Structures are given as C-alpha cells and as structure tokens.
Peer 1: 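Next up is a structure, given as structure tokens.
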Amino acid sequence: MTGRVIRSRGRFFTVLADGEEYQCEVLGKAKREKGHSPVAIGDLVDFTAAADGFGGIENVHPRKTKFSRPRVGEEVKGTEQVIVANVDQMVIVGSVRQPELKLHLVDRFMVAALKGGLKPIVIINKVDLQHKHDLERIRNIYESVETPVILASCVDGRGIDELRELLRDHESIFVGHSGTGKSTLLNRLQPGLALRTAGISEATAKGMHTTTSVELFALDSGGYVVDSPGLKVLGIWDLELDELQTCFPEFEKYLGHCKFSRCSHLHEPECVIRKAVSEGRIFPERFESYEKLYHGLK
Ligand SMILES: Nc1nc2c(ncn2[C@@H]2O[C@H](COP(=O)(O)OP(=O)(O)OP(=O)(O)O)[C@@H](O)[C@H]2O)c(=O)[nH]1
Ligand SMILES: [Zn+2]
C-alpha cells in the first residue's frame, strides 16, 4: 500500500492510507541509520500492512519539497534532519513585540523555504501591541518578492480569515522564533489544533535528545498544517555560499551582470546588486539579511 507519514513516536511512524492509520516500523533498505532517519513526516511511503493496524515501511518516495536543517547534537552533526517533507508552504511567523521583530530571522526562514522548494508566507503577529515598526514598509518589502504578508492578532482576530484562505487546499508548516504565537494562531484557526502538537527533537544542554515530534494536522476548512514548536536553531541544510544569492528572488535579474563573475556582492567593485541597493531598487533590509547570512555560511 501507499500512504502518508503524519506523525512519529519513538521508532513508529503513523501512516495514513485510505482513511486508516497504520503504526509502521521502517524495514529493510528504508532502515534507520545511526542517528539518522530516512523517513520524515510528510513522506509518501510504500508499506505492507498487517491485519492488526501495524505495518512496515519498505520504500520512501522521492520528496517534492523538504524543510531540513543540520541536526543538533554532537554525535549526529553533519547529518540532515528533514523536519517535514512534501508540504508546499512555509508560514513564517514573527511578532511586532515579545519577541521583537527581526527581519533577518524572517529572511533566514525564507531562504530555507526557497532552498527546499516551499512558498513562503509572512505573518506579522501581535499587531494589537504598541510597537515601533513600519508595517506598510514591511508589507512592501515582502510583496516585492511575491511573498504575501498578513498582519495578524490573536487577541482581536485581525488577519485570521485571510490566513485561513491562504492555507485552504495547501499544506503548510508554521515556523518562527519561540513565542511569536504559532500555537496560538493555530488554535485561533481551529480550536484545539495546537494542543496536540509536540516539539521537534532538540539537543538539550546535556547533549540528550527529547523524543517529541511534529505532526501533520488536517484543517476543517481545508488543507494541512504542521506546527514546529521548540525549533530553536535553524541552520540551513546544504546551502553553498554562491547559492545564497539565488534564494533572494529580487537579485535574480541582476545576477551575471557584476564585473566579477563570482562576485559576492559584498565588496567587489562594479557590483550591480550593491548599485541596485544604493538606487533603491533592492530594499536595504533584505541586502542586510543577505550579508548576515553570507557571513554565517563562511
Ligand atoms: N498580545 C498578543 N499576544 C499574543 C498573540 N498571539 C500570541 N500571543 C501570546 O504570545 C505568547 C506565546 O505564544 P505561543 O503561541 O505559545 O508561541 P509559539 O510561537 O507557539 O512559541 P513556541 O511554541 O515556543 O515556538 C503567549 O503568551 C500568547 O498568549 C497576539 O496576537 N497578541
Ligand atoms: Zn555583485
């Protein structure tokens, strides 16, 4: 049979097929390697089902999209953790305050989204609070790169209907710094939704891993969502330095026109990207994020 992995607990993956759930272990060539699981939430898998609702995963289909990061923790360093596979949208949640909005964090998630083949959506939450941000400018920045921006509040309900519409008939992972309101937004969309979610496996101070996991939930209004609480570190998996520029859509039309073919756009003379920034054709906030990410990758 073929089904979709919707959650995992310990060594079992729950596979949904024809409306039934099967508790599956990973078999044979699809087997776990040390500190590394080849099966992720969202994967489409071939499995054999036993009569008692158990089963074995034999094969994982190639992923259409993936949101990955390098694993956290000493002994698993250098391996890929696929947080979720085959979802098509990444809802990046920031808040105007508590915690303070940092556009470079939004941009970091956006790079991870584009790298993995997901369409980003930006939510600026907690707009009911007093703050100092120019929300119209933020909207312009992201809409200039075809990314919808929703100004939301879980207190007065602003933006919730708009969000529900963008989620309908899509599969979306919610990401963002701890405390920006991901779980509250999900509960506001559909009461009870986030109560059942649990955190992504994180290394603790002692190097131990918590064993909780993410889960794919169906929305009554259509679509699927995944929360990602406790995602404290976001390294971007397998991103090469000269690939970073391709994850900034507004750079695209300029690439290849700098004086130096391998221009980093940071200090070289006759750089068309920096020229576009100085002439107001690329938002300086976005260029700053590029610089920060570039230095982080070096
Ligand atoms: N004022 C205000 N507070 C909010 C809003 N949305 C969420 N909060 C509060 O912000 C705090 C954090 O919300 P959570 O939903 O737990 O945040 P989270 O992003 O899921 O956090 P993690 O699970 O740690 O990743 C809670 O105290 C919420 O009540 C909002 O729109 N306005
Ligand atoms: Zn350049």
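Worth saying up front: this structure is predicted, and the values here are computed from it rather than measured. Atoms within a ligand are numbered from 1 in the order they appear, just like the ligands themselves.
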Peer 1: If you count the atoms of ligand 1 from 1 in the order shown, which ones are under 4.0 Å from a heavy atom of Asp128?
Peer 2: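 Near Asp128, the atoms of ligand 1 are 1 (N), 2 (C), 30 (C), 31 (O), 32 (N).
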Peer 1: Does a donor on one side chain and an acceptor on the other come within less than 3.5 Å for His265 and Gln245?
Peer 2: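 Yes, because at least one side-chain N or O of His265 sits under 3.5 Å from a partner of the opposite role on Gln245.
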Peer 1: Tell me which part of Leu185 gets within contact of ligand 1: side chain, backbone, both or neither, using heavy atoms under 4.0 Å.
Peer 2: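 Leu185 to ligand 1: no contact under 4.0 Å from either part.
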Peer 1: If only side-chain N and O atoms count, and only distance matters, is there a donor-acceptor pair under 3.5 Å linking His133 with Glu100?
Peer 2: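 Yes, a side-chain donor-acceptor pair sits under 3.5 Å.
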Peer 1: Counting both backbone and side chain atoms, is some N or O of Gly181 under 3.5 Å from an N or O of ligand 1?
Peer 2: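 Yes, since at least one N or O of Gly181 sits under 3.5 Å from an N or O of ligand 1.
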Peer 1: Please verify whether a non-hydrogen atom of Ser153 lies at under 4.0 Å from ligand 1.
Peer 2: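 Per 4.0 Å heavy-atom rule, Ser153 contacts ligand 1.
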Peer 1: Gly176 versus ligand 1: do any nitrogen or oxygen atoms come within less than 3.5 Å of each other?
Peer 2: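 For ligand 1, there is no N or O atom that lies under 3.5 Å from one belonging to Gly176.
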Peer 1: Quiz question: by atom type and distance under 3.5 Å, do the side chains of Ser68 and Glu80 form a donor-acceptor pair?
Peer 2: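 Present: a donor and an acceptor within the cut-off.
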Peer 1: Quick check: of its N, O or S atoms, which one does His265 have closest to the Zn ion (ligand 2)?
Peer 2: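 That would be atom ND1.
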Peer 1: Check ligand 1 against Asn125 and write out every atom of the ligand that is under 4.0 Å from a heavy-atom position of the residue.
Peer 2: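 That gives atoms 5 (C), 6 (N), 31 (O) of ligand 1.
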Peer 1: Can a side-chain donor-acceptor contact be found between Ser264 and Glu268 if the only test is distance below 3.5 angstrom?
Peer 2: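 Per modelled atom types, Glu268 and Ser264 side chains form a pair under 3.5 Å.
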Peer 1: Would you mind finding which of Gly159, Pro99, Ser178, Ser183 brings a heavy atom closest to atom 22 (P) of ligand 1?
Peer 2: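 Nearest option to atom 22 (P) of ligand 1, by heavy atoms: Ser178.
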Peer 1: Short list, please: which atoms of ligand 1 are under 4.0 Å from a heavy atom of Leu129?
Peer 2: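 The list of qualifying atoms is 1 (N).
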Peer 1: For the residue pair Leu293 and Asp107, what are the closest heavy atoms and their distance?
Peer 2: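 Shortest heavy-atom separation between Leu293 and Asp107 comes out as CD1-O, 4.4 Å.
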Peer 1: For the metal site, I want the angle between atom SG of Cys271 and atom SG of Cys258 with the Zn ion (ligand 2) at the apex, to 10°.
Peer 2: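 So the angle at the metal works out to 110°.
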Peer 1: Heavy-atom pairs closer than 4.0 Å: do any link ligand 1 to the side chain of Asp227, the backbone, both, or neither?
Peer 2: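 No part of Asp227 is near ligand 1 at this cut-off.
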Peer 1: Just by distance, no angles: are the side chains of Asp242 and Tyr294 close enough, under 3.5 Å, to form a donor-acceptor pair?
Peer 2: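 On atom types as modelled, these side chains do not qualify, holding no pair under 3.5 Å.
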Peer 1: For residues Asp46 and His61, is any side-chain donor paired with an opposing acceptor at under 3.5 Å?
Peer 2: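 Distance-only check passes for Asp46 and His61.
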Peer 1: Using 0.5 Å steps for rounding, measure from the CZ atom of Phe283 to the CD atom of Glu250.
Peer 2: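 If I round to the nearest 0.5 Å, the distance is 9.0 Å.
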